[in-house]
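Following this message is one structure expressed as structure tokens.
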Amino acid sequence: MSESGINRRDFLKVLGLGGSSLALTGCGNTDIRSGDEVIMPNVQPEDFVVPGLSVYYASTCRQCGSACGVMGRVREGRVLKMEGNPASRISGGKICGLGQAAVQVQYNPDRLTQPMMKVGSSLQPISWDKAMALLDEKTGPKSGIKGEEFGFLTGAMSGHLNVLTQNYMESLDSRNHYVYEALSPAISLAANRRVYGVDQPRLHFDKAKLIVSFGADFLGTGASPVHFAAEYAKFRKAPRGTLVQIEPKMTMTGGNADRWIAIIPGTEGVFALGIANQLLKHSEFTGTVPADIVDLVSKYDADTVSRITGVRSELVGHVASLLWEKTPSLVISGASVEGHAHGVQNAVAVQLLNQILGNVGKTIDGQAQSPFPQLSPAAGSFSALKAMNEKMGADEFKAVFIHGANPVFTAPSFMGFRDNLRKVPFKVAFVNALDETAEECDLVLPIFTAVEEFGSNVAWYQPEGVEITIQQPLMNQLYPDTRSMGDIMLNLVKARKADEYKAWPDFFSYLKTAIINIKPVVKYTDTDEHFWYDTLSNGVIHVDGAPQQVSAKFAATDLRLPASANAQDPVYPFYLVPSERHYFRDGRHANCGWLQESPDPMTTIVWDSWAEIHPKTAASMGIKEGDWLEIASQNGMLKVKAYVFPGIHPDAISIPLGQGHESLGRYAKGVGVNPFRILNPVFEKDTGELALYGTRVSVRKTGNSEIVVKDEGPVNTQMGRKLVVTLPADVAQLSKEI
Amino acid sequence: MIHRLLAAMFFVFAFSGMANAEPFKWGGPIGSQTSDGYNALGPVVQQPIEFPHYRHARDMGINCMYCHTGARRGYVSVIPRIDKCIGCHQSIESVRNKPRIKKLFWYWDHKEPIPWKKVNDLPDYVRFNHERHIQRFYFRQNRPVREVCGYCHGDVANMTVDRRVKALSMGWCISCHEKDHRENDVSMKTSHGPYECWQCHK
Amino acid sequence: MVNTYEETEVAVEKKFVKKEHDINADIEWAKINKDILRSLERPRAIFWVIFVASFALFMVGVSCEVYQYQTGLGVANLDNPHVWGLYVATFIWWIGMGHSGTLLSALLHIMHADWRKPIYRYSEAMTTFTLLTAAMFVLVHLGRIWQFYYVVAYPNERWTWPNFQSPLVWDATAIGTYLTSSLIFLYIGMIPDLAICRDNAIGFRKKIYLFLSLGWMGTDRQWANFRVTYLTLACFLMPLAVSVHSIVSTDFAASQQPGYHITSFPPYFVAGAIYSGLAVIITLFIVLRYTFRFEEYMTIPILEKLAKLTFAAAMVWTYLNLIEYASTWYGNDMYAKQALIYRATGNFAPFWWMMNFLGSVLPFALAFKKVRTNIPVMLVLSILLNFGMWLERWMIISPTLAHGIYPWTWDHDQWPSFVQWGIVAGSFGWFNMLFMLYCKIFPSISMYEVKEMLYERRSFKTKKVAEEVSNPELAVEGGLAS
Amino acid sequence: MSITNLLNNWSFYRQKRPFRGQYDLNKQYSEYKWAMALDLDICTGCNACTTACYAENNLPVVGKERYQHGYAMHWIRIERYWDENMGEFPESGTSFLPMMCQQCEEAPCETVCPVGATNHTNDGLNSQNYHRCIGSRYCSVNCPYKVRYFNFWNYPSTAWPSPLQDQLNPDLTVRTKGVMEKCTFCVQRLNEAKSRARTEYRLVKDGEVVPACVQACPTNAITFGNIVDPKSKVAKMWKNQQVDLYKDEQEKDSSMRGYRILEDLRPFPSVMYMERVRDMEA
């Protein structure tokens, strides 16, 4: 063990005033007493540890992929709270509720505290020695496992753990590293590549005067919600920008829009082309747009667009005139645009507006190129899961590892993932808590949570330059029988390539060496140790990189949208909108009480799933709030309570994702329903990704009803009180404000 | 007769409030009441090491805050960390073989904290801020340390193991907060302590 | 012109006494003692039925309270905007009932209305026990019962005072004062009777009555002091009783909650209190009359008088009630108006309308003599009126909390749980139990005052007859002969 | 419990609050008056503040059943209102309103508490002392904003199954059954900062301490500070928005967005909201 590593862990171990202060106060000691309680003084603490005062350590939030820099508040050796790290450009010192819940992941009462092995049909605790022996027996060098017989499924990863994982796969000579995210940006990336020539351009919300967002819930669930929220705040300051949101179901971003337009899911591209048609009537655009696009666009006059999209025809011209008046603007597309069989085409049609309006270079430009491409995140995709699933189904695997993903929960039922997984002879899951996937595995290894672990992360979306966020433990491991994922990976690699890795006894020293290697790039002049400690206390390393070149040319010459996306289906008349809840995402943190009890912003519902239905539709079907509905697709049926919600298209039904766990502990199990189950096998044509929004459903009233548990009372307006006052933008003088 | 009794009762009730008296509370053997009317001597507490405060604070004249380092900068005064004890005692050979010192070194060698018992233990919901009191009376008003600490802790410098001597009740706190204290050693300006619930109740 | 003495007597009887014929003036004094002391010995079997039922009910209440104490107030199904419920409503109701006993007794005593004499003792006892019951609700309602003494101003080691601005502190003080003085009033009025008990009792009971009767010998000096004391206390209690319920009403009137914040609440509460108190006096009248065979003392004419008084109180209450609605309806306070509309149309509408019907419409039945003199009907009616008054209190508390100023917290789920109902029921058990015990232990009709009453009636009659006989002129003009 | 103490406090109580000059550095009544400015135009309704409050203030997670019955303990809640004259769709979005204790100067809750468990601190906060509270719930009845939350259940025994209790903030009490609680503007942080400042013979600097909700808010919609200090950001914002702490009816330009909720009831809240802006031409 390296010297500083011991110190670090040791001083986290100091008890401070532990023991006594652990008791729940308020119902504990209420008298003046002597000699009843014990004080444990520190043995040899760091100088800055004063009992009774908090210490803040910089780290990285791993609750979603945004990799916000955070500070953990530590008292007496326990991490109490997460705050934003002001040094981080991504978080800017702020944090969302999902990030706050990291401490609840850490102290979760249902955390897995020791390795488990499948005996018969149930998981039984075993010791780490036995577990590692088993792991070695099945996948170690002596097991004779071949590269193609081994699969490793992970969630999106970045930083040095990703590097180690790649090296491990390399040492096994396996190419079966599957990076899977249930809510992956893969379609968006494909569309971006076609329009801009890069995976992910940088979006300047703050510079735009008008944002036209087609279903992009950038404030709630986007690539970097905390950063986008900060940008949004600047966008709303004088001169105040206008937000137009076009989507089938009102997201949180839609709730903040100046103009919200309901649209039939999948027809956003048509609407965008209709806008383009109106725009191109301005003589300024003559000759700037390729002829084939002009041709294509000219078919979409306002009435046609209105017929296809279900939006009032004058709104097409209205949005077009807004785009014409307010420059620079920014047009973005989101999940509800992309999750269709023609998702890429749809998104390209939307992004085309940026090209027509010349926004590239103004509100859209390139992200910095990372000088360390190996640290960059591996983007997750559904096709990875599909490939793995097929191989599993064909019995090609002898062993699979699963880390950072819960495919048994998130895979649609038509895939038969659970059954295929069961065919694999040896399945290992690395988890914090027993989830649905871990329950199916033969060996379940409890790993450190993000607040106990060292690591490095590079975010998918980089605001400025490249930010490498450093993750350091905020407290010593809570349970003795948990281990660092980094250490496990390092040991696995060492088992195969002992020589190359012998310099590093543990992942900490590996990471430290690796980080110190960055030193020359950031032109740090002091010693290595100083650099390391500076980095730890800062929590971030900022590296400059040349910006990627974003193409301002029209690349989408073969744009083709389906003639009519608005097809009628007599059996399944409704479009299913599986909406992403901003603190649930794909449901991996549903076992945090705080998140369960944090009301959904639009409906204020807690602890449940619900089906949003438009008042008009509800009235025609005689549905009231709280009625149990049967929502059926070709692949299954969900029973869920109705919530009558005006912010949804009358032909759409929206059920939030992330709930409906069959496992994952007391706070998640049995709460709500899982819409992933009933998705139809509709795939995006260009990328092969699952089209999340491509499922049609039928709705049937069961006749039963139950109270919907929500924060909202029986009325949802202000009843004449002056609670929230709205001021027209032309009256407000934001420029005079401070 | 009855009139006198009634009058006496009336005065007892009426002036018991004004005279800031606290109801009699059993706190130790008879005769152990402290001079200010608070019968508050706490029980004798058995500590893992019978620490001789008199040796350090009286005989050696060590400032309380040399060991209780938190008192000037935090809410709690801090029981000294063990390396503090060791820092001195490893070079004091003369007492190296005393049983208490041996016990201390046992803890040090095993890197284990000493399980001291809490003597001046306030209810869990009370936040007593040592820092403010020390800053105000020791540093600002320049009063001797044994007086400043002793106001609440008693004459610890003449004790072996510490023993609670004051009531530490809310009324007792307020009785002092109510008084006008000089703001520093030169100015004659006075001010009293805060009364707000939230100053101490958390 | 044949004015024989007998004829004159009959005529006087007809003209003056019949009119006041609420009690048979010829009852022997010894019989009074015997009849009333009999209530301490052997009541009808219904007494034991009531007592056991009340005790059972009380135990239900106690178990609910123990459960609530252990678990927290959540089991009462109160929730966050809707923090008050049946406890406060029932508290006010009991307090209100407590008004009539002492108030009626003291008022009628001062006004020399001697028909009060057979009924005032149990009314005062009722007052005392309703106040005890009400005080119990204050405790039951608290989140931390075990800290209730924080409300009382007394020297303590925390050096803290209660908040004298709070209506709840006024409440505690007012109820404490009223309870103490009611108890003293009851006790002082009982002393001569306790002496009678002492004289008739044997065994350990004699010792108790001996102690309680404070050496009453019935000397002139004792009687003189007694009268002065009693009258003074009556004069003191009159304004106190009015002030107590006015103070209770400030719990609401001093708050900002729409539906509470109403200036006319003090008289409104007092009127309601007297109203419900009279109704309960009628109920108890009927119960005692039957249980203890008091038919000769608690006569129908007295019942009728009570009924008329109730009718008057009901009309005063109705008037003040309508004033409240009108001032809210025509006022400028949007919040209060919405709350009023909610009361009439929302979840609580059936109860609200029932309250108005029972409180304002039903009393008109009392306008009919047939109703007033029919005992079973009066029993049912008095209970219904009281139920109406209870609903009134509930309709002040609950619907307004469910529909206050802030629309986001408007409530949808506020039906009281079995714990609340259980404790409310238990309070009836508690009250009945205490009251029945009291009636069993102490004379529930004032023997000495009934004797006074009879004495006055007789002397009045004698005096009149003598006047008539000695004044034939008057007799002719007055047409006594006819 | 001295009479002088009572009388002194009493005379302070009986004054009309807030009185002019009460929060003025020159007049020296008080050095601090904590206040907020909350911009509803950039509040996105994301609930980060709520979760931060749960983390900072030991708020219990009550569970579905109890949430349904109105036992939620969120000291700050995000309300969502639809426009009253909405057509088929909410075309101008929705209105989010974060609502927490407004720390009223003339707080309706303070006068009615029988034991004085809630009263005014010198720095303008509406304090809530859990250990004095006997649970009469009168304060909640009288609170027009309904931001006081009563512990109807014994949450310490259920809401933090082990080891969740290790997360609890030791700087403030975990409330047991039967007491009222509410937003404190994170007074434990304020006290710590004030104490630190006093040790250094200075006032708390602007931005040195903020409540958990302000610290978390991703859009910086909430500004917090000491309004006594005219140089603090929050004081500047109040002045700029022409909202006067001492007035119950503001006279301001129609273009200015500052207002306080339910001002007509004269509680003199310490939280200034800034109106939501909507581009009516969009």
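Chain naming here is simple, since letters A, B, ... match the order of the sequence lines and numbering starts at 1 in each.
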message = Taking side chain as everything from C-beta outward and backbone as N, CA, C, O, which of these in A/Ile261 sits under 4.5 Å from a heavy atom of chain D? Side chain, backbone, both or neither.
response = neither
query = Non-hydrogen atoms of chain A under 4.5 Å away: do they reach the side chain of D/Val214, the backbone, both or neither?
reply = backbone
request  = For the pair A/Lys710 and A/Asp608, find out whether any cationic side-chain nitrogen is under 4.0 Å from an anionic carboxylate oxygen.
outcome  = no
query = So, are D/Lys194 and D/Glu208 salt-bridged, with charged N and O less than 4.0 Å apart?
reply = no
ask   = For A/Ile648, is it the side chain, the backbone, both or neither that has a heavy atom under 4.5 Å from a heavy atom of chain D?
value = backbone
ask   = Between D/Ser162 and chain A, which part of the residue has a heavy atom less than 4.5 Å away: side chain, backbone, both or neither?
value = backbone
query = Is the Lys NZ or Arg CZ of D/Arg80 less than 6.0 Å from the centre of D/Phe96's six-membered ring, within 45° of the axis?
reply = no
request  = Go through A/Ser598, A/Pro646, A/Pro601 and name the one with the most non-hydrogen pairs under 4.5 angstrom from chain D.
outcome  = A/Pro646
key: Pick from A/Gly97, A/Gly93, A/Gly254 with the largest number of heavy-atom pairs that fall under 4.5 Å of chain D   = A/Gly97
D/Pro60, part contacting chain A, at a heavy-atom distance under 4.5 Å = backbone
query = Are any of the side-chain nitrogens in D/Glu249 or D/Lys247 under 4.0 Å away from the carboxylate oxygens of its partner?
reply = no
query = Which bit of D/Tyr130 comes within less than 4.5 Å of chain A, counting heavy atoms only: side chain, backbone, both or neither?
reply = neither
task = Please look at D/Glu65 and chain A and tell me whether the side chain, the backbone, both or neither of the residue comes under 4.5 angstrom of a heavy atom of that chain.
result = neither
ask   = Between A/Arg75 and chain D, which part of the residue has a heavy atom less than 4.5 Å away: side chain, backbone, both or neither?
value = side chain
query = Checking heavy atoms, do the side chain of A/Tyr667, its backbone, both or neither come under 4.5 Å from chain D?
reply = side chain
request  = Using a cut-off of under 4.5 Å on heavy-atom pairs, state which of A/Pro650, A/Ser54, A/Pro225, A/Gly84 scores highest against chain D.
outcome  = A/Pro650
task = For residues A/Tyr107 and D/Trp160, determine if any side-chain heavy atom of one lies less than 4.5 Å from a side-chain heavy atom of the other.
result = no
inquiry  = With a 4.0 Å cut-off on N to O distance, would you call D/Asp206 and D/Lys236 a salt bridge?
reply    = no
Return a table of donor-acceptor pairs under 3.5 angstrom between the side chains of residues 725-733 of chain A and protein atoms on other chains or two or more places apart.
unit_1: A/Thr726; atom_1: OG1; unit_2: D/Arg276; atom_2: NE; d: 2.9
unit_1: A/Thr726; atom_1: OG1; unit_2: D/Arg276; atom_2: NH2; d: 3.0
unit_1: A/Gln733; atom_1: OE1; unit_2: A/Lys736; atom_2: NZ; d: 3.3
unit_1: A/Gln733; atom_1: OE1; unit_2: D/Ser255; atom_2: OG; d: 3.1

Contact origin within D/Asp83 toward chain A - heavy atom pairs under 4.5 Å = backbone
key: Selection from D/Leu40, D/Thr219, D/Leu59 maximising heavy-atom pairs under 4.5 Å formed with chain A   = D/Thr219
ask   = Looking at A/Glu247 and A/Lys249, does any basic side-chain N land under 4.0 Å from a carboxylate oxygen?
value = no
query = Is it the backbone or the side chain of A/Phe235 that comes under 4.5 Å from a heavy atom of chain D, or both, or neither?
reply = neither
task = Establish, yes or no, whether a centroid distance under 6.0 Å links the rings of D/Phe152 and D/Tyr71.
result = yes
ask   = So which part of D/Cys49 gets closer than 4.5 Å to some heavy atom of chain A, the side chain, the backbone, both or neither?
value = neither
inquiry  = Quick one, D/Tyr149 and D/Met180 - any side-chain contact, counting heavy atoms below 4.5 Å?
reply    = no
task = Indicate yes or no: at least one non-hydrogen side-chain atom of D/Asn47 is less than 4.5 angstrom from one of A/Asp600.
result = no
task = Heavy-atom distances under 4.5 Å only: say whether D/Val62 touches chain A with side chain, backbone, both or neither.
result = both
Choice from A/Gln104, A/His318, A/Lys234 maximising heavy atom contacts with chain D below 4.5 Å = A/His318
inquiry  = Heavy-atom pairs under 4.5 Å with chain A - which of D/Asp39, D/Ile78, D/Asp41 has more of them than the others?
reply    = D/Asp41
message = I'd like to know if the side chain of A/Asp258 reaches the main chain of A/Leu243, judged simply by a donor and an acceptor atom lying under 3.5 Å from each other, with no hydrogens or angles considered.
response = yes
Pairing of D/Glu56 and D/Arg189 as salt bridge, 4.0 angstrom limit = yes
inquiry  = What part of A/Arg73 gets within 4.5 angstrom of chain D, counting heavy atoms only: side chain, backbone, both, or neither?
reply    = side chain
message = Please classify the contact between D/Tyr273 and chain A as side chain, backbone, both or neither, with a heavy-atom cut-off of under 4.5 Å.
response = neither
Parallel, tilted or perpendicular: rings of A/Phe645 and D/Trp82 (30°, 60°) = perpendicular
key: Interface moiety of D/Met86 toward chain A, non-hydrogen atoms closer than 4.5 Å   = side chain
request  = Check each atom of D/Ala221 against the heavy atoms of chain A and say whether the ones under 4.5 Å are side chain, backbone, both or neither.
outcome  = neither
remark   = Per-residue tally against chain A (heavy atom, under 4.5 Å) across D/Val277, D/Leu262, D/Thr94, D/Thr51 peaks at D/Val277
